[in-house]
Amino acid sequence: MRYWLMKSEPDEFSIQQLAQRGREPWNGVRNYQARNFIRDDMQYGDGVLFYHSNCAMPGIVGLAEIVSEAMPDPTQFDPASDYFDPGSTPDSPRWLLREVGFKRALQRTIALDELKRHAEALGDFALLRRGNRLSILPVSAAQWRYILDLEHSVGAAR
DNA sequence: GCCAACGTTGGC
DNA sequence: GCCAACGTTGGC
């Protein structure tokens with residue numbers, strides 16, 4: 001079992017929307033490194049930190065899990081989609097997705113700002129690397145536990 | 001809205 | 001294969 005952090009802009013798709021729908025095909029990933037994670041490294045049942053990006057308080061807002069195998073992202077074949085990729089064919093799809101299932105919302109947002117203050121304890125964390133723009137990134141078991149412990153601490157005061 | 005960082009594209 | 005130009009991400 002592995003752990004991941006997946007970013008979403010709350011204006012596009014929020015943890016509240018995932019809570020309502022229960023599960024969601026995670027379409028629109030158009031980065032090869034993230035695609036390789038989806039294809040090669042994710043497994044059914046993996047844990048997901050749901051992260052809100054590009055918003056007033058970026059941070060981790062919920063927990064989810066991977067609930068499907070990798071499958072072609074249908075939006076790559078749809079000319080009307082923002083994610084349309086004319087270079088991809090159904091015979092050899094370039095972009096994949098997995099479905100993500102809602103687990104729970106966190107009791108409080110664990111903000112990026114707070115995570116930065118725990119950078120030393122978190123160790124090498126892809127989210128905190130300079131210039132990081134990956135929308136799907138790996139989380140170690142130790143980082144997963146540490147972050148979930150933060151949920152119940154008064155982290156904002158530190 | 002700004003802009004640093006990064007990935008992709010395309011000319012050569 | 002190099003690299004400048006461009007587009008995107010995402011914090012601030």
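Proteins get letters first, then strands, A, B, ... in listed order; numbering begins at 1 in each.
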*Considering heavy-atom distances to DNA chain B, does A:R30 or A:R130 have its closest nucleotide positioned more toward the 5' end?*
A:R130
*Hey, which of these two, A:N54 or A:N31, hits DNA chain B nearer its 5' end, going by closest nucleotide?*
A:N54
*Under 4.0 angstrom, heavy atoms only, what part of the nucleic acid is A:L127 near: base, sugar-phosphate, or nothing?*
nothing
_For residues 47-61 of chain A, which residue pairs pass the side chain to side chain donor-acceptor pair (under 3.5 Å) check, not counting sequence neighbours?_
A:E9-A:N54
*Could you list all the side chain to side chain donor-acceptor pair (under 3.5 Å) pairs where at least one residue sits in residues 122-136 of chain A, not counting sequence neighbours?*
A:D124-A:R129
*Is there a side-chain contact between A:W144 and A:L63, using heavy atoms and a 4.5 Å cut-off?*
yes
*Using salt bridge (charged side-chain N to carboxylate O under 4.0 Å, His left out) as the criterion, list what pairs up with A:E99, not counting sequence neighbours.*
A:R23
*List in chain and number order the residues that pass salt bridge (charged side-chain N to carboxylate O under 4.0 Å, His left out) with A:D41, two or more places apart in sequence or in another chain; answer none if no residue qualifies.*
A:R2
*Taking atom OH of A:Y83 and atom CG of A:N27, what is their separation to the nearest 0.5 Å?*
6.0 Å
_Qualifying residue, where the test is side-chain contact (heavy atoms from CB on, under 4.5 Å) with A:N31 and the options are A:N36, A:I136, A:L134_ = A:L134
*CG (A:D82) with more than 12 external heavy atoms under 6.0 Å*: no
_Contact boundaries on DNA chain C for chain A, cut-off under 4.0 Å to non-hydrogen atoms_ = C:dG7 to C:dC12
*Which residues, if any, of residues 7-19 of chain A bring a heavy atom under 4.0 Å of DNA chain B?*
none
